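As the structure is a prediction and not an experimental result, all values here were calculated from the model. Every chain is numbered from 1, with letters handed out A, B, ... down the list of sequences.
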Amino acid sequence: MPELPEVETIVRDLRPHVVGSRVEALVHLNPAVVRYPDPGDVAVGLEGRTVACLGRRGKFIQLWLDSKQELVVHLGMTGTLTLEAAAAPLRTHTHLRLGLDSGSELRYRDPRRFGRVLLGTESELEQAGVMPRLGVEPFAPDFASGLAAEVLRTSRRPVKAVLLDQSVIAGCGNIYADEACFLARVRPGRRAWRLSTSERRRLLAALPIVMAEAIERRGTSFSDYRDGFGAKGQAFESLFVYGRGGRACVRCRSTLRQVRIAGRTTVFCGRCQS
DNA sequence: CCCCTATCCTGAGGGC
DNA sequence: TGCCCTCAGGATAGGG
């Protein structure tokens, strides 16, 4: 599933090809994926606009237009946002096609439809209540000293639940929560407030490390994730624990345990992570 | 405050 | 070969 490293890879892929392009037409839209505004108004806001810049906040892709509006795309579990030739064969579950003046098309596809699309100004989306309040970015300079550290220090919830909370840490999902816990040698089921200062510091240091590594490998494609050009990422092969329950720990060779924490499948090493 | 569960949805994979 | 069942989970809403 697309988490911060996957979304970042897509944004970096698309940016040089999309910024400065004019949206000639909204070729195809599945109204069901539009959460705001009324689907009928999306074409009006997009057609004829130029893409001013492309950004990311947490797991949200932000495509800023010269109108000060932004097209916000959340990929959910199975979403992809790819640049393709306008004549390229159309895959099933393609919900949005944006024809660009470059001759290419920006295509949003999402079989499970857990993703969503928004269009509006920043304040408009906030007022409409469709854009959640997001926590700190793992690559922000003050990440390890800010909100995330404070919540981890005081929350009685499991560490894993805090890591997954988008209002605390923006962009962390199931994969990198488990990876960070492994690298920091912290059990994901521990109550956050019971971590020692050293454990908490290790955990906060680990998250940007595992994410940076994943970005270098262009993201984790264990199922649906694809980069901005439709290709798979290579990070899955280098993950420590995610998807490896029952197999040997890469550090101590003992069998990795798989449990459910905060409603999510969680894998950790019972020997390395205390 | 916090946990758990159901909900949305499709495709993959196992069992037979 | 094919059918049925279960499971996967990001975000959110509602119940305990």
Side-chain angles (χ1 to χ4, degrees), chain A residues 1-10 30-36 39 56-62 72-81 90-96 108-118 125-126 128-135 137-138 147 150-181 188-195 207 211 214 219-226 230 232 236 239 241-247 256 258-268:
Chain A
M1 55 232 97
E3 303 180 23
L4 188 154
E6 289 74 33
V7 175
E8 181 65 24
T9 301
I10 291 168
N30 177 354
V33 304
V34 179
R35 299 292 176 85
Y36 186 91
R56 176 193 62 74
R57 177 80 171 96
K59 303 174 191 173
F60 291 84
I61 297 169
Q62 303 169 303
V72 176
V73 178
H74 192 292
L75 299 174
M77 294 240 343
T78 56
T80 56
L81 187 67
L90 200 63
R91 305 195 61 193
T92 54
H93 308 297
T94 299
H95 303 306
L96 175 66
Y108 168 64
R109 176 178 185 265
D110 183 13
R112 250 169 266 191
R113 273 188 275 143
F114 281 12
R116 66 200 116 135
V117 167
L118 315 166
L125 296 177
E126 193 179 327
V130 288
M131 201 50 199
R133 220 172 291 282
L134 295 171
E137 288 284 336
L147 176 69
E150 181 58 20
V151 174
L152 281 172
R153 193 176 66 77
T154 55
S155 173
R156 301 194 168 256
R157 306 163 71 191
V159 165
K160 173 98 179 226
V162 175
L163 293 178
L164 291 176
D165 188 337
Q166 299 301 299
S167 70
V168 178
I169 299 171
C172 183
N174 206 27
I175 298 173
Y176 301 105
D178 278 9
E179 294 299 299
C181 286
R190 294 263 305 280
R191 302 285 144 175
W193 67 287
R194 309 212 57 155
L195 295 189
L207 192 61
M211 286 185 165
T220 298
S221 293
F222 77 99
S223 60
D224 299 86
Y225 163 72
R226 295 294 183 274
K232 291 188 178 190
F236 186 66
L239 297 181
V241 287
Y242 182 85
R244 300 192 69 249
R247 296 178 58 194
L256 293 175
Q258 182 162 319
V259 297
R260 259 185 120 70
I261 299 172
R264 297 283 169 256
T265 300
T266 302
V267 184
F268 67 98

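Between the side chains of A:Glu3 and A:Tyr225, no donor N or O sits under 3.5 Å from an acceptor N or O.
In this structure, CG of A:Asp110 is placed 13 Å from C1' of B:dG11, rounded to the nearest angstrom. Spacing between atom CG of A:Asp178 and atom P of C:dG9 amounts to 10 Å, rounded to whole angstrom units. Distance A:Arg116 CZ to C:dA11 P: 7 Å, rounded to the nearest Å. Residue A:Arg109 contributes atom CZ, which lies 17 Å from atom P of B:dC9 at whole-angstrom precision. The distance from atom CZ of A:Arg35 to atom P of C:dG10 is 15 Å, rounded to the nearest whole Å. Per the geometry, CG belonging to A:Asp165 stands 11 Å off C1' belonging to C:dA11, to the nearest Å. Rounded to whole Å, atom C1' of C:dC7 lies 13 Å from atom CZ of A:Arg264. Rounded to whole angstrom, the span from the CZ atom of A:Arg112 across to the P atom of C:dA11 amounts to 15 Å.
Distances shown here put a side-chain N or O of A:Arg113 below 4.0 Å from the OP1 or OP2 atom of B:dT10. OP1 and OP2 of B:dG11 both lie 4.0 Å or more from every side-chain N or O belonging to A:Arg91. Between A:His93 and B:dG11, a side-chain N or O to OP1/OP2 separation shorter than 4.0 Å is present. At the phosphate of B:dC9, neither OP1 nor OP2 sits under 4.0 Å from any side-chain N or O atom of A:Thr78.
At the heavy-atom level, A:Asp224 lies nowhere under 4.0 Å from the strands shown.
Look at A:Phe114 and the base of C:dG10; the rings stack, centres closer than 5.5 Å and planes less than 30° apart.
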Handout entry: Derivation of the side-chain hydrogen bond (donor to acceptor under 3.5 Å, both in side chains) call for A:Thr220 and A:Tyr242
Key = CA-CA 10 Å; A:Thr220 298; A:Tyr242 182 85; over 6 Å; no
Practice task
Could you check A:Arg56 against A:Gln62 for side chain to side chain contact (heavy atoms under 4.5 Å, CB included), going step by step and ending with a plain yes or no?
Solution key: CA-CA 6 Å; A:Arg56 176 193 62 74; A:Gln62 303 169 303; 5.7 Å; no
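The side chain of A:Gln166 approaches C:dA11 more closely than any other nucleotide in the set C:dA8, C:dA11, B:dC2. Distances from the side chain of A:His74 to the nucleotides C:dG10, C:dG9, B:dT10 place C:dG10 closest. Of the listed nucleotides (B:dT10, C:dG9, C:dA11), B:dT10 has the atom at the smallest distance from the side chain of A:Pro111. Taking every side-chain heavy atom of A:Lys59 into account, C:dG10 is the closest of C:dG10, C:dA8, B:dC3. Nearest to the side chain of A:Arg157, among C:dG9, B:dT10, B:dC2, sits B:dC2. In the set B:dT10, B:dC3, C:dG9, B:dC3 carries the atom at the smallest distance from any side-chain atom of A:Pro158.
With contacts defined as side-chain heavy-atom distances shorter than 4.5 Å, the pair A:Thr78/A:His93 does not qualify.
Judged by distance alone, the side chain of A:Thr94 and the main-chain N or O of A:Leu90 form no donor-acceptor pair under 3.5 Å. Listed for the A:Arg57 side chain is a donor-acceptor partner under 3.5 Å among the backbone atoms of A:Leu134.
The nearest heavy atom of DNA chain C to A:Met77 and to A:Pro132 marks one nucleotide each, and the one closer to the 5' end goes with A:Met77.
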